[in-house]
Number of protein chains: 2
Amino acid sequence: MATARTLQLDSVCPATRTLVEHVTSKWGVLVLIALADRPAMRWSELKREIPGVSEKMLIQTLQTLEADGLVLRTAHPVVPPHVEYSLTEPGREAHDLLAPLVRWAYDRATR
Amino acid sequence: MATARTLQLDSVCPATRTLVEHVTSKWGVLVLIALADRPAMRWSELKREIPGVSEKMLIQTLQTLEADGLVLRTAHPVVPPHVEYSLTEPGREAHDLLAPLVRWAYDRATR
DNA sequence: CAGGGTACTCACCTCCGGGTGAGTACCCCA
DNA sequence: TGGGGTACTCACCCGGAGGTGAGTACCCTG
């Protein structure tokens with residue numbers, strides 16, 4: 001059943017495509033990178049650290065990645081809201097696979 | 001100068017972003033995969049093997065990847081046109097970095 | 001008692017990746 | 001002589017990613 005081909009063309013089905021799009025989206029990449037070297041981050045912390053994100057896109061990206069099971073949202077029901085985001089195990093996997101590609105692109109683009 | 005962080009947030013500058021977008025685009029992924037296990041392919045061959053590509057998107061994707069230096073276009077000036085496309089060395093690098101990510105997404109999406 | 005921080009939602013707009021369909025110039029084969 | 005294969009270009013359209021700005025409800029601090 002194993003083929004010579006490393007990856008089949010039909011592996012890139014709509015569901016695969018959607019996941020790849022979410023993970024490699026403009027802000028998806030940034031969120032994964034930002035969350036990768038901290039156990040957890042608050043929403044406002046992410047907003048401050050990711051250069052140029054609008055509040056709308058931050059929320060939207062976090063919600064998408066949470067729905068994909070890559071990011072965990074933990075809300076503490078205190079009087080001034082306190083929400084923390086962290087990578088799940090699959091989220092870390094995504095980051096670890098994405099990072100080399102981004103680094104390669106960075107090296108190429110700025111050579 | 002080295003940081004604990006694997007990847008800096010500002011590595012994802014516009015130029016990096018553009019390259020990542022091209023490589024992870026819907027048809028960019030398919031073209032890289034298709035070209036990865038053959039020394040060269042004709043245009044019509046790519047069109048036949050990549051399920052669902054329109055002629056416009058095939059051309060457009062190939063031209064973008066060629067401009068990025070990831071794909072080599074070789075035209076033989078014969079009477080019925082004969083054009084071949086192949087991966088350059090950077091193109092192969094891109095494929096090799098992309099493939100694990102796509103495979104991971106496929107496994108997740110179809111688990 | 002006004003200003004700033006917390007984590008959002010809602011409405012509106014723009015741009016472009018991607019889709020659809022037609023046209024082209026040349027040749028070969030039936 | 002017309003139908004199919006070769007490798008394209010051109011014109012038009014649509015949906016969604018991404019951007020902009022305002023509004024919200026509550027609290028603490030100066």
Side-chain angles (χ1 to χ4, degrees), chain A residues 9 12-32 34-35 40-68 70-86, chain B residues 9 12-32 34-35 40-68 70-86:
Chain A
L9 283 171
V12 196
C13 58
T16 305
R17 188 86 273 283
T18 301
L19 239 193
V20 171
E21 255 165 25
H22 292 173
V23 161
T24 64
S25 71
K26 176 166 182 182
W27 304 113
V29 173
L30 274 308
V31 165
L32 290 177
L35 288 179
M41 274 203 242
R42 300 188 60 166
W43 186 81
S44 54
E45 210 176 338
L46 282 163
K47 180 171 146 54
R48 253 178 278 116
E49 297 228 355
I50 298 178
V53 226
S54 66
E55 305 191 339
K56 177 196 149 192
M57 287 313 296
L58 218 208
I59 284 287
Q60 187 174 306
T61 304
L62 286 168
Q63 288 174 345
T64 302
L65 294 180
E66 192 196 359
D68 290 335
L70 307 184
V71 157
L72 180 69
R73 193 189 104 113
T74 315
H76 303 97
V78 290
V79 201
H82 186 109
V83 181
E84 286 191 335
Y85 294 92
S86 56
Chain B
L9 283 171
V12 196
C13 57
T16 306
R17 188 86 276 279
T18 301
L19 239 193
V20 171
E21 255 165 26
H22 292 172
V23 160
T24 64
S25 72
K26 177 167 182 181
W27 304 113
V29 174
L30 275 306
V31 165
L32 290 176
L35 288 178
M41 273 203 241
R42 300 187 59 166
W43 186 82
S44 54
E45 210 176 339
L46 282 163
K47 179 169 147 51
R48 252 178 279 117
E49 298 227 356
I50 298 178
V53 225
S54 66
E55 307 191 336
K56 176 196 147 189
M57 288 312 297
L58 219 209
I59 284 288
Q60 187 174 306
T61 304
L62 287 168
Q63 289 174 345
T64 301
L65 294 179
E66 193 198 356
D68 290 335
L70 307 183
V71 157
L72 180 69
R73 193 190 102 112
T74 315
H76 303 97
V78 291
V79 200
H82 186 108
V83 181
E84 285 191 334
Y85 293 91
S86 56

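Residues A:Leu35 and A:Leu46 form a side-chain contact, since some pair of their non-hydrogen atoms from C-beta on lies under 4.5 Å apart. The closest side-chain heavy-atom distance from A:Glu84 to A:His76 is below 4.5 Å.
The CE-C1' distance, from A:Met41 to C:dA7, rounds to 17 Å in whole Å. A straight line from CD1 of B:Ile59 to P of C:dG18 spans 15 Å, rounded to a whole angstrom. Computed from coordinates, the B:Leu65 CG to C:dG17 C1' distance equals 14 Å when rounded to whole Å. One can place CG of B:Leu62 at 13 Å from P of C:dG18, the figure rounded to the nearest angstrom.
Remark: A:Trp27 CH2 to A:Leu62 CG distance equals 12.0 Å, nearest 0.5 Å. One distance of note links CD of A:Glu45 with CD1 of A:Ile50; it measures 10.5 Å at 0.5 Å rounding. For the atom pair CG of B:Leu30 and NZ of B:Lys26, the computed distance is 8.5 Å after rounding to the nearest 0.5 Å.
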Subject >> side-chain contact (heavy atoms from CB on, under 4.5 Å) between A:Val31 and A:Val53, worked out >> reply: CA-CA 10 Å; A:Val31 165; A:Val53 226; over 6 Å; no

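Nucleic acid contact class of A:Gln63 (heavy atoms, under 4.0 Å, all strands): sugar-phosphate only.
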Under 3.5 Å, which protein N or O atoms sit close to an N or O of nucleotides 16-20 of chain D? Give each pair with its distance.
unit_1: D:dG18; atom_1: OP1; unit_2: A:Lys26; atom_2: N; d: 3.2
unit_1: D:dG18; atom_1: N7; unit_2: A:Lys56; atom_2: NZ; d: 3.0
unit_1: D:dG18; atom_1: O6; unit_2: A:Lys56; atom_2: NZ; d: 3.3
unit_1: D:dG19; atom_1: OP1; unit_2: A:Lys26; atom_2: NZ; d: 2.7
unit_1: D:dG19; atom_1: OP2; unit_2: A:Trp27; atom_2: NE1; d: 2.7
unit_1: D:dG19; atom_1: N7; unit_2: A:Lys56; atom_2: NZ; d: 3.0
unit_1: D:dG19; atom_1: O6; unit_2: A:Lys56; atom_2: NZ; d: 2.3

Using a cutoff of under 3.5 Å, can you pull out all pairs of nitrogen or oxygen atoms linking the protein to nucleotides 4-6 of chain D, with atom names and distances?
unit_1: D:dT6; atom_1: O3'; unit_2: B:Arg42; atom_2: NH2; d: 3.0
unit_1: D:dT6; atom_1: O3'; unit_2: B:Pro81; atom_2: O; d: 3.1

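Nearest heavy-atom pair across A:Glu49 and B:Leu9 is O-CD1, 3.3 Å. Taking each heavy atom of A:Thr24 and A:Val20 in turn, the nearest pair found is OG1-O, 2.7 Å.
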